[in-house]
Structure formats: structure tokens, C-alpha cells
**Q** 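Here it is, the structure, as C-alpha cells.
Note on naming: letters A, B, ... go to the chains in the order of the sequence lines (proteins, then strands), and numbering restarts at 1 for each one.
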Number of protein chains: 2
Amino acid sequence: MHRTKVRIVEDALDANNTIAGANRVDFDRAGVTVINFMSAPGAGKTTLLERVVTDLPGVRVGVLEGDVEGSMDADRLAALHIPVTQLNTNAGFGGECHLDANMVRSAIPSLALDEIDLLLVENVGNLVCPAEFRIGEDARVMVTAITEGEDKPLKYPLMFRACELVIVNKIDLLPHLDFDLEKLLYNIDAVHPDVETIVLSARTGQGLEPWREWLMGTAARTNQEAIA
Amino acid sequence: MHRTKVRIVEDALDANNTIAGANRVDFDRAGVTVINFMSAPGAGKTTLLERVVTDLPGVRVGVLEGDVEGSMDADRLAALHIPVTQLNTNAGFGGECHLDANMVRSAIPSLALDEIDLLLVENVGNLVCPAEFRIGEDARVMVTAITEGEDKPLKYPLMFRACELVIVNKIDLLPHLDFDLEKLLYNIDAVHPDVETIVLSARTGQGLEPWREWLMGTAARTNQEAIA
């Protein structure tokens, strides 16, 4: 029984990877860099996007919002006058806890890929399943808020491994918490040695510049790769 | 295709409910009240348990710890000299994002049910899937930290509906956040009218008494029901 279950899961991931590859071809053809943006609920993903999407010189940004229900984050971002598409995962069941390649594929026709250079995909808030499903992205970023504690890399290692950048957010609250930043950075490095990290506060703006530069650099690099 | 998927999911939930019923019979027979304790990662579940498990007069407490990986929370609670059992969900795949009835069933032989009155089950940190899987519990409690924002009930309504008590934690950070407590309570009531709420700080101890009383009352009530 157990083996059968594992087999079904592997097949599902194989199918997902095939569709992710098709998404990737479409994104590359349109010259659009795609970032898959993941975190626990309430880590500050939307605020981090609000802070930069209109402030990347020469890069036209679009957003794909993944939520179980509602369109509150999409509404916040649309208010900044950038193209935003909402994807809800609640169809048919209590709600999928992650985006998969097929959900993203279904959104592609409404994404206006010829009008953007960089697509930021805000995944469902969850530290487990989003890490298991590629969506055709160029890079994966995860956000951990210091209010979540130092132990999260050790408890959700796959998520911390499945990304090229870890953003440590809400650093403005450091004086008000029993929290050891060095310990968090040590734990991140323990599960994903040498992964790039940026420590910042989306609320106060402290440390936003490296985040902006990372996005600019990634957009420029992947675009060059697609041309070459 | 879609209909097939829904059918499989329904079958899985039917099977889960059957096993949850069997768990419930075992818990009732042993006179143990079971609480399913859920939240996003880092909302403070373990600290909330640490704060009360040795301070419930006449109630012997045990804990079942659900984590994708590791035993850090179990170690924290075992240090308080109460019976703690660890359940890891990472077997076979990248890790299940929730506890289900069968996982809990597999832990029953190691739970020492005859030595406890109240079993607190700390679920995997996740605001989506744990709400969909009954485990044979008497009551479900969810914790939301004010650092997660006011919008979580609207974005993860099933979780806020699937519980008898909502604990609002980290209230000590209120002066340091752009956060509207009334708005959160309004949103909780909008998705789950009249659900009981307790506002507290596990860190400072503010508001812990109602939480302790709720646990004592629930343990006494369900025990009476089991006898009757």
C-alpha cells in the first residue's frame, strides 16, 4: 500500500515537471523572468512586493497572486498600477495549499507576457508543499519572518533548500523579541550551505536595496541566458 | 479528469473519518480528552503548551508532537517532565503538511493513555490542510499571531471555521506593529460567527488564565460526556 502511494506521488510530480517545462518554454519565448515567491502565512510577501514592483528601473513587472480564497493581495498590488492576475486554489475542495505548474499554466493566457519583463509569483502561504512543485520559474525566493522563531529551517528544511535566496524579514521587531538572529542564519546555513540571504524590514524599508538589486540582477541574467 | 480527482479526495477523507472514529473510541474508552492544536508556522503553539501543561490542577497532560522533521518541540516539552510522543511526517516523500487520523492511530500504542487525562496534539504548522483532517479529537483550537496580519481569516477561512476556539497570540507586540486588533476580531467573526476567542501573549503571560480555564473546562466536560 505504501509503495503504491509513493508511486502515485512520483507520477504526480513527474506530470507537474512536464507542465513546468512547458511553462518555462513560454516564459523564455516571451523573454520574461519568473520568480516563485514562497513563505509561511503572514511573513510579509505582499508588502515586500509592494515595496519594489514600481521601483525597478527598466524592468516591467507583473504579479501572479496565489491564494486559497479572496483577492486582497491582488487588490493591494493592482493599486500600484501593474498587471496582476489572481489564481485561487479553492476550486472543488477545501483548497490546495500550494500552486502547481498546471494552475500557473491555466493563468498564462491572462498574463500579458509581452508587456512585462519580470513575473513575480506569490505562492500560497505554506512552508511545506509549495517547495515540492516547480511552476516553470527561473528562481525561487523564500521569506522567513523573525517573529516565526530561529528553528524554522530545521523544521521545514525542504523549503529552505528549495530556493536561491532566503529573505529574513521584520528585522525592525528585533528589539522586542526573544530572538537570536545569528542562530537563525546559522540554521539556514546548516540546511542550505552558502545560500544567499538578505536581512531586511519591509515595513521600515531597512535593507530593501539588496532585495531590489537581487531582482534587477536576476532579471538581467536570466534574460541574457534566454537570448544566448 | 477533474471529477475523478474530486472523487479520490472524497474517498481519502471518508477513509480518514473512519479511522478518526476508531481513534475517538480508543480515547473515550481511556477517558482522555484530545485537543487538535493548529496554526501557521511560528505562531507560538509550543510556547502556549509550555505555559500551561504543568499548571492544570488535577489534569494529567500528555503531548503528541507533529512535525515534518526533527523533535525540537518534543524536546522542549519533555523537559517539563510530561509524556511526549513525536510524530514525523517526512516518511516516503518531501513531508506531509498535516497530521491525519492514520498517523495519530500509529502513535496510539506509545501514548500511555492510562496515565493521562488530556492529550494535546500539536499539528504541523500550516493554515490549509490540517483543517481538513479530523484525527479523533474532542475539540480543535487554532492560534493566529498578530504578526501575521488582520487578513488571515479571509485568506484561510476553512481553518478559522474548523475550530471551537481561536487564540490570538503575541499581543505584547501590538505597540510595535501596524496592526488593528478590532479588524482581526471582526474578520474572525465574519468567517466563523460567535466562535470563542482568547487574546493573549504566550511570551509575557498576559491573558493566559482564560486559556488555562478553557483547557480545564474542556477536559472536565468531555470526560463527563464520555461517562454519560
**Q** If you measure from CD on Glu132(A) to SG on Cys97(B), what distance do you get to the nearest 0.5 Å?
**A**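 Reported to 0.5 Å precision, the distance equals 8.0 Å.
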
**Q** Return all side-chain donor-acceptor pairs below 3.5 angstrom for residues 141-148 of chain B, not counting sequence neighbours, or 'none' if the list is empty.
**A**
from      : atom 1 : to        : atom 2 : distance (Å)
Thr144(B) : OG1    : Glu148(B) : OE1    : 3.3

**Q** Please round to the nearest 0.5 Å and tell me the distance separating atom SG of Cys129(A) and atom NE2 of His98(B).
**A** 8.5 Å

**Q** Can you measure from CG (Asn90(A)) to OH (Tyr156(B)) and round to the nearest 0.5 angstrom?
**A** 12.5 Å

**Q** With side chain to side chain contact (heavy atoms under 4.5 Å, CB included) as the test, would you mind laying out the steps for Asp151(A) and Asp73(B) before giving the verdict?
**A** CA-CA 10 Å; Asp151(A) 56 353; Asp73(B) 293 346; 4.0 Å; yes

**Q** Could you give me the CA-CA distance, side-chain angles and deciding distance for Val128(B) and Thr89(A), then say whether side chain to side chain contact (heavy atoms under 4.5 Å, CB included) is met?
**A** CA-CA 11 Å; Val128(B) 187; Thr89(A) 68; over 6 Å; no

**Q** Can you name the residues that form a ring pair (Phe, Tyr, Trp, His ring centres under 6.0 Å) with Trp214(A), not counting sequence neighbours?
**A** none

**Q** Say you draw a straight line from CZ of Arg203(A) to NE2 of His176(B); how long is it, rounded to the nearest 0.5 Å?
**A** 9.5 Å

**Q** With a 4.5 angstrom heavy-atom cut-off, which part of Pro41(A) approaches chain B: side chain, backbone, both or neither?
**A** both

**Q** Sort by residue number and list every member of residues 178-200 of chain A having a non-hydrogen atom under 4.5 Å from chain B.
**A** Asp178(A)

**Q** What pairs of donor and acceptor atoms, side-chain ones from residues 74-87 of chain A against any protein atom, are under 3.5 angstrom apart with sequence neighbours left out?
**A**
from     : atom 1 : to        : atom 2 : distance (Å)
Asp75(A) : OD2    : Ser71(A)  : OG     : 3.4
Arg76(A) : NE     : Glu50(A)  : OE2    : 3.2
Arg76(A) : NH2    : Thr47(A)  : OG1    : 3.0
Arg76(A) : NH2    : Glu50(A)  : OE1    : 2.8
Thr85(A) : OG1    : Ser110(A) : O      : 3.3
Gln86(A) : NE2    : Glu65(A)  : O      : 3.3
Gln86(A) : NE2    : Asp67(A)  : OD2    : 3.4
Gln86(A) : NE2    : Gly70(A)  : O      : 3.4

**Q** Let me know if Lys155(A) has heavy atoms under 4.5 Å from chain B in its side chain, its backbone, both or neither.
**A** both

**Q** Side chain, backbone, both or neither: which part of Leu173(A) has an atom under 4.5 Å from a heavy atom of chain B?
**A** side chain

**Q** Dump the intermediate steps for side chain to side chain contact (heavy atoms under 4.5 Å, CB included) on Glu69(A) and Leu154(B), then the final yes or no.
**A** CA-CA 7 Å; Glu69(A) 208 166 314; Leu154(B) 307 180; over 6 Å; no

